[in-house]
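Working notes, beginning with the structure itself.
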Amino acid sequence: MKKSGAAEKRKARRSSASVQNVGRDPSSDTPPRQAAKQDVYQLFAEKVRDHKDLKSRWAVLQETRVEYFRGKDFVSFMKNHPELKEILESDRDLETEDIGNNLLQKNLLVRCDRVVKTVRPGKKKLSTWPAHLEIFPERVFSENDAFFAWTFVKRRPLWQTLLSFFWPILTLAICLFPVYPHRCKLLILYSCAGLLLLILSLLLLRAAIFGAAWIVLGKRIWFFPNILAEEATLRELFRFLPKKDEEERPKWTARLFYAIVAVLVILLLRHHAPDEAARARYQKRMSNIIDDVLEWSPSLALSGMMEKQPVVNATEDNNKFSNESKVNSETVTPPDETENPDETDQHQTNNTI
């Protein structure tokens, strides 16, 4: 009996241990303290990513746009902002390289490398911020020509959430433009025309400055260098100062050739410029089109449609038919004046009989 009781106790202990193992993930041997550190590193990564002093760019990594930074920029950033290490609590005394390695182990970062590793023809060195990246095999933090991309999804700010609700309203407002009052149409028309004129003037002035600097000085100066970029943040899109020219200086023969071409194009455009009469005709044509758009209204459109539709009424049709029959009976063709009077008298006597 004692042996059977001891065996039952052993089975009960094994069953309780198996239940605990089932409730626990066998693949993760991390204690609760390390799970808490995971949350601490997540908070640290979000603070660092949202900080404006850390230089970062956007690139394409395996057909996905990611935000990345350079290792040396992360080291200098941590030197200038050591107060962010307080978020790590017990790991606040770690070195910057150890913090980077922990971020890599927590899968908050992934090390990347540039796809194009050779200098392109016409340039002196590799691009500082490559547009295309690939995953680096070694998951070790380094500050020597190393790039690191964030792997977690950044929290959407409030203005983006409000903008997502604003877009459908804006689309509906654009569709309802024809029914706006006349003053609202004028305001929208002049605002859009002014904005379009500003964009075209900016692009034309930007190209003129680049052409003049390239021909005269042999330097490539692009103000608003990212204004036509397909992949750029809002802050990078309106960057005013030009980028540093990393390409070779153009030859004087090429500069002279394009200077002659530019002069010939200007003279050709001046020679074939439209005269005052042609400009007046074009302005009148465009003003008529704009007036048609601005003066259109639903009431005028409906009234014009009603005027074009024929009014059908049965009584009016009957009256019209009777009137037409009376007119036809009254308008009998008179006898020919050249006919013989004897024949007409005989015809009348036959009718009387």
Next on the checklist: According to salt bridge (Lys or Arg N to Asp or Glu O under 4.0 Å), who are the partners of Arg279, at least two apart in sequence or on a separate chain?
Outcome noted: Glu276
Item to check | Under the salt bridge (Lys or Arg N to Asp or Glu O under 4.0 Å) test, residues paired with Arg111 that sit two or more places apart | outcome: none
Checklist entry - Under a single-linkage definition using a 4.5 Å side-chain heavy-atom cutoff for Ile, Leu, Val, Met, Phe, Trp and Tyr, are Phe148 and Trp150 assigned to the same hydrophobic cluster? => result yes
Checklist entry - Under 30°, 30 to 60°, or over 60°: which ring-plane class applies to Phe77 and His81, parallel, tilted or perpendicular? => result tilted
Can I get a per-line list of side-chain donor-acceptor pairs under 3.5 Å for residues 196-216, giving both atom names and the distance, sequence neighbours left out?
unit_1: Ser201; atom_1: OG; unit_2: Leu197; atom_2: O; d: 2.7
unit_1: Arg206; atom_1: NE; unit_2: Phe223; atom_2: O; d: 2.6
unit_1: Arg206; atom_1: NE; unit_2: Phe224; atom_2: O; d: 3.1
unit_1: Arg206; atom_1: NH2; unit_2: Phe224; atom_2: O; d: 3.4

Item to check | Lys47/Glu83 salt bridge by N-O under 4.0 Å criterion | outcome: no
Item to check | Stepwise side chain to side chain contact (heavy atoms under 4.5 Å, CB included) test for Arg70 and Trp129 | outcome: CA-CA 9 Å; Arg70 298 179 298 183; Trp129 297 96; 3.5 Å; yes
Item to check | Non-neighbouring partners of His182 that pass side-chain contact (heavy atoms from CB on, under 4.5 Å), sequence neighbours left out | outcome: Leu186, Leu294
Item to check | Over 12 foreign heavy atoms within 6.0 Å of CZ, Phe257 | outcome: no
Item to check | side chain to side chain contact (heavy atoms under 4.5 Å, CB included) between Glu143 and Thr96, worked out | outcome: CA-CA 10 Å; Glu143 58 177 322; Thr96 304; over 6 Å; no
Item to check | Centroid-centroid distance, Phe141 to Phe74, less than 6.0 Å | outcome: yes
Next on the checklist: To the nearest 0.5 Å, what is the distance between CG on Leu109 and CG on Asn101?
Outcome noted: 10.0 Å
Next on the checklist: For Lys251, give me all partners under salt bridge (Lys or Arg N to Asp or Glu O under 4.0 Å), at least two apart in sequence or on another chain.
Outcome noted: none
Checklist entry - Which residues pass the salt bridge (Lys or Arg N to Asp or Glu O under 4.0 Å) test with Arg139, sequence neighbours left out? => result none
Next on the checklist: Let me confirm one number: the NE2-CG distance from His272 to Leu267, rounded to the nearest 0.5 Å.
Outcome noted: 11.0 Å
Checklist entry - Above 12 or not: heavy atoms from other molecules or residues under 6.0 Å from NE2 of His271? => result no
Next on the checklist: Are more than 12 heavy atoms, taken from residues, nucleotides or ligands other than Glu95, located less than 6.0 Å from that residue's CD atom?
Outcome noted: no
Next on the checklist: Main chain of Tyr68, side chain of Ser56: is a donor-acceptor contact present, judged purely on distance under 3.5 Å?
Outcome noted: no
